[in-house]
Trainee: 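Before I ask anything, here is the structure I am working with.
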Amino acid sequence: MSLPGLVEIPYEGAFSLEDTLKSGQLFHWERAALNDCAGYAGCLGSRGPSFITQTEEGGVYGLPDDGAVLSRYFGLDHAIESIHGTFPGEDAVLAEAIAYCPGIRLARQPMWECLATFITSSLKQVAHIRAISMKLRSRYGEAHELAGQTFYSYPEPGALARAGEDALRECSLGYRAKSLHLAAEAIVSGKFDLEAMESEEDPEKVMAALLELHGVGEKIANCVLLFSGGFHGAFPIDVWIERILRENYRKRVRGHKLQKWAVDYFGENAGYAQQYLFHFARKTL
DNA sequence: AGTCAGGCAACGC
DNA sequence: GCGTTGCCTGAC
């Protein structure tokens with residue numbers, strides 16, 4: 001099957017576009033229709049809008065380019081079966097979480113967009129994170145047209161640095177405005193070398209650089225490693241993960257000890273396990 | 001009206 | 001190291 005004007009994006013294993021978009025990594029994709037085909041559209045970093053859709057049979061189709069950009073962005077190049085092979089053998093909880101939502105993928109977002117979005121996420125719920133992202137985009141990003149709708153790219157660090165903390169506060173950011181503004185300035189000044197960090201292969205180095213930023217702690221840094229850096233061993237612990245580790249895995253420790261246990265126990269793809277468990281916990285606990 | 005939410009930094013011990 | 005507290009905002 002093919003869809004007019006769209007490129008098919010191949011993948012192996014389970015994939016659900018809907019579940020991936022709802023899984024707490026990506027906050028700005030919007031429903032859109034292209035050539036009478038219903039799907040989702042959004043900007044990747046500072047690029048113009050992309051479009052993606054999934055048929056009932058599971059086929060994934062998108063624009064623009066040859067699909068390689070979208071494939072990488074949505075983790076369609078991940079070998080899910082072999083990732084599952086690295087999980088602990090006997091784990092009924094994880095098995096149930098995977099069965100609950102088998103099609104979730106770890107995205108690979110542009111680093112600045114990911115970092116900035118998670119800086120604004122602290123003590124916020126998904127709907128609000130989304131509202132903040134959209135407001136920042138429409139105010140400081142660049143407008144692009146697709147199929148009669150307007151989509152905004154995520155603002156460049158320079159745009160947010162110039163805007164200033166007080167202006168950012170007007171986007172419902174509260175105390176997060178300071179952190180976001182400082183992060184933007186750190187990138188503009190080169191204090192945080194975004195380009196170097198995007199291509200850095202050692203997660204420890206990226207982690208160390210991220211923790212230097214005001215407003216970035218272990219949780220947000222791990223989110224950036226996992227959702228942008230492609231380091232699938234990173235294991236962000238938020239209240240939901242902590243809850244499921246406590247209630248279903250009987251773990252009573254917290255902080256670094258819990259972090260170390262999780263990484264050791266779930267293994268090299270602990271972050272994928274985290275993503276299944278997170279979604280499962282959010283729906284069932 | 002008060003509580004609480006998908007963290008963090010600053011401070012006290 | 002560990003625990004506590006204040007922080008903006010919106011939803012209930």
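Below, chains carry the letters A, B, ... as their sequence lines are ordered, and counting in each starts from 1.
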Trainee: Does atom CD of A:Glu204 have more than 12 heavy-atom neighbours, drawn from other residues, nucleotides or ligands, at distances under 6.0 Å?
Mentor: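 No, CD of A:Glu204 has 12 or fewer neighbouring heavy atoms, counting only those of other groups under 6.0 Å.
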
Trainee: Return the value, rounded to whole Å, for the distance between atom CG of A:Leu182 and atom P of C:dC7.
Mentor: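 Interatomic distance, CG of A:Leu182 to P of C:dC7: 18 Å.
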
Trainee: What heavy-atom pair brings A:Pro110 and A:Gly45 nearest, and what distance separates the two atoms?
Mentor: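 Closest approach of A:Pro110 to A:Gly45: CG-N, 3.6 Å.
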
Trainee: Specify the separation, in whole Å, of atom CD1 of A:Ile119 and atom P of C:dC7.
Mentor: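 My rounded result for the distance is 21 Å.
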
Trainee: Roughly how many Å apart are C:dC2 and B:dG6, using the P atom of each and rounding to a whole number?
Mentor: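 Going atom to atom, P in each nucleotide, I get 26 Å.
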
Trainee: For A:His144 and A:Phe151, I'd like to know if the aromatic rings sit close, meaning centre-to-centre distance below 6.0 Å.
Mentor: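 No; A:Phe151 has its ring centre 6.0 Å or more from that of A:His144.
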
Trainee: For A:Lys257 and C:dG3, give me the distance from atom NZ to atom P, rounded to whole Å.
Mentor: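 So the NZ-P distance, A:Lys257 to C:dG3, works out to 9 Å.
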
Trainee: When you check the gap from the basic side-chain N to the acidic O, do A:Lys191 and A:Glu185 get nearer than 4.0 Å?
Mentor: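 Answer for the salt bridge query: no.
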
Trainee: Name the nucleic acid region contacted by A:Ile220, choosing base, sugar-phosphate or nothing; use a 4.0 angstrom heavy-atom cut-off, strictly under.
Mentor: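 It contacts sugar-phosphate atoms only.
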
Trainee: Which atom pairs link the protein and nucleotides 4-6 of chain B when you take only N or O atoms and keep those under 3.5 Å?
Mentor:
residue : atom : partner  : partner atom : Å
B:dG6   : O6   : A:Arg282 : NE           : 3.4
B:dG6   : O6   : A:Arg282 : NH1          : 2.4
B:dG6   : O6   : A:Arg282 : NH2          : 3.2
B:dG6   : N2   : A:Gly24  : O            : 3.3

Trainee: Between C:dC8 and B:dC11, how far apart are the P atoms? Round to whole Å, please.
Mentor: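 Each nucleotide's P atom is 15 Å from the other's.
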
Trainee: Less than 4.0 angstrom from a charged side-chain N to a carboxylate O is my criterion; do A:Asp77 and A:Arg105 meet it?
Mentor: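 Between A:Arg105 and A:Asp77 there is no salt bridge, as every charged N stays at least 4.0 Å from the carboxylate O atoms.
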
Trainee: Taking A:Leu277 as the starting point, is it possible to reach A:Trp261 by hopping between hydrophobic residues whose side chains are less than 4.5 Å apart?
Mentor: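 Linked within one cluster.
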
Trainee: Side chains of A:His78 and A:Glu12: any donor to acceptor distance under 3.5 Å?
Mentor: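 Not at all, the side chains of A:Glu12 and A:His78 share no donor-acceptor pair under 3.5 Å.
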
Trainee: Name the closest nucleotide to the A:Arg169 side chain, picking from B:dC8, C:dC8, C:dG10.
Mentor: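 My answer, after comparing the listed nucleotides, is C:dC8.
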
Trainee: Give me the distance, rounded to whole Å, that separates B:dC8 from C:dA11 when you measure between the C1' atoms they each carry.
Mentor: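 Pairwise C1' distance, B:dC8 against C:dA11, rounds to 22 Å.
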
Trainee: What's the OH-C1' distance between A:Tyr175 and C:dG6, to the nearest Å?
Mentor: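 One finds 10 Å between C1' of C:dG6 and OH of A:Tyr175, rounded.
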
Trainee: Please give the nucleotide sitting opposite B:dG2 as a Watson-Crick or G-U wobble pair, both distances under 3.5 Å, or none.
Mentor: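 Result: C:dC12.
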
Trainee: What is the distance, rounded to the nearest whole Å, between atom CD1 of A:Ile132 and atom C1' of C:dT9?
Mentor: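 Rounded to whole Å, this separation is 8 Å.
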
Trainee: Regarding A:Leu211, tell me which of base, sugar-phosphate or nothing describes its non-hydrogen contacts under 4.0 Å with the strands shown.
Mentor: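 Touches nothing.
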
Trainee: Would you indicate, yes or no, if B:dC8 has its OP1 or OP2 atom less than 4.0 angstrom from a side-chain nitrogen or oxygen of A:Ser179?
Mentor: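 No, because none of the side-chain N or O atoms of A:Ser179 sits under 4.0 Å from OP1 or OP2 of B:dC8.
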
Trainee: Find the distance A:Leu115:CG to B:dG7:P and express it as a whole number of Å.
Mentor: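 It works out to 16 Å between those atoms.
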
Trainee: Expressed in angstrom and rounded to an integer, what is the separation of A:Lys178 atom NZ from C:dC8 atom P?
Mentor: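 The distance from NZ of A:Lys178 to P of C:dC8 comes to 9 Å, rounded to the nearest Å.
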
Trainee: Using whole Å, what does the distance between atom P of nucleotide C:dG1 and atom NE2 of A:His256 come to?
Mentor: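 Taking NE2 of A:His256 and P of C:dG1, I get 9 Å after rounding.
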
